[in-house]
Amino acid sequence: MSTKHDQRLSPPGAAPQASSLGGRGQEASPISEPVIELEGVSVCLGGRTILQEVTFTINPGEFIAVLGPNGAGKSTLLKVLLGLIRPSAGTVRLFGQAPRRGNRLIGYAPQHRTLEGALSLRARDLVGFGLDGHRWGPGWFPAGGRRRQAIIEAALAEVDALALADMPVAHLSGGEQQRLLIAQALLSQPRLLLLDEPLSNLDLSHEQEIIALIARLCRTHGMTVLLVSHDVNPLLPVIDRVLYLARGHAAIGKPEQVITSATLSALYGAPVEVVEALGRLFVVGVDI
Ligand SMILES: Nc1ncnc2c1ncn2[C@@H]1O[C@H](COP(=O)(O)OP(=O)(O)OP(=O)(O)O)[C@@H](O)[C@H]1O
């Protein structure tokens with residue numbers, strides 16, 4: 001059986017998915033092709049294996065929650081997709097091509113703590129940094145002027161933050177600051193959005209606000225979204241699938257397929273209980 005939403009475990013023994021690789025030019029492949037294809041991907045950092053023979057495919061317009069315990073390799077996976085970390089083995093394809101830095105088809109919002117050095121900036125200047133080059137790729141819009149301001153304002157409007165444009169970042173709430181990071185990620189009108197823990201440090205109402213914003217971007221623009229989170233519960237109403245990382249391995253599928261005692265016990269290599277209570281899922285028996 002092989003459907004778009006199959007649960008797939010990628011520990012050793014899992015069958016690699018078929019993929020259509022190679023032979024394409026520099027332009028993005030047609031929209032119906034997978035957005036992300038990983039086949040047998042391993043990543044070693046500092047002498048440790050962080051990801052081991054990970055295989056999965058993500059399709060256009062999917063909203064994926066990336067879950068897993070601390071140190072499971074969630075941020076590492078995003079960096080592989082951004083072309084910042086090279087796998088030690090396996091094949092990665094984004095829109096049919098190898099990952100590369102500064103790929104404008106990808107928007108990336110790093111973890112919120114990256115804002116610490118930017119608190120004195122105005123919101124519009126922070127967002128504008130995304131046009132000037134940044135640590136995950138070269139700049140692609142160095143020119144100043146009205147066109148630049150229009151691009152920044154369009155991104156601010158997309159995240160409902162136009163009214164914040166001239167405020168110092170330090171004066172904004174966590175949710176508002178998160179919207180700026182997402183605006184920055186939207187500058188190149190990407191087709192793939194990588195969001196590293198956009199819900200961390202947000203209270204319930206801001207969390208809901210950010211989730212609704214991201215779901216709207218996904219559904220109205222057909223953007224594919226990978227959102228790293230430590231809690232799947234607030235995302236359950238909006239996501240298509242979860243990608244769960246643990247011990248270097250990955251399981252991907254619908255939440256009800258992956259977040260089960262059997263699947264997570266296999267993934268963790270230890271007994272794990274998934275308990276449903278008060279309409280929420282709790283994973284018991286491991287550090288998550
Ligand atoms: N450049 C590096 N050199 C060596 N080890 C690294 C490097 N970058 C990350 N690691 C290690 O790789 C592991 C995975 O890190 P990563 O940040 O991807 O985990 P994560 O799942 O995002 O964790 P968290 O939920 O805590 O953010 C961690 O043990 C981390 O210490």
Ion pair check, [X] and [Y], cut-off under 4.0 Å:
{"X": "R216", "Y": "E158", "result": "yes"}
{"X": "E153", "Y": "R124", "result": "yes"}
{"X": "R179", "Y": "E209", "result": "yes"}

Please give me the minimum heavy-atom distance between [X] and [Y], naming the atom from each residue.
{"X": "V274", "Y": "T260", "result": "CG2-C, 3.4 Å"}
{"X": "T57", "Y": "I252", "result": "O-CD1, 4.3 Å"}
{"X": "R122", "Y": "A165", "result": "CB-O, 4.0 Å"}
{"X": "D240", "Y": "P255", "result": "O-CD, 4.0 Å"}
{"X": "A250", "Y": "L245", "result": "CB-CD2, 3.5 Å"}
{"X": "L180", "Y": "V127", "result": "O-CG2, 3.8 Å"}

Donor-acceptor contact below 3.5 Å, side chain K74 vs main chain P69
yes
Whether the side chain of S42 engages the backbone of T49 through a donor-acceptor N/O pair (distance < 3.5 Å, no angle test) should be reported.
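Absent.
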Is a side-chain donor-acceptor pair under 3.5 Å present for D231 with S229?
no
Please check if atom CZ in R280 has more than 12 non-hydrogen atoms from other residues, nucleotides or ligands closer than 6.0 Å.
yes
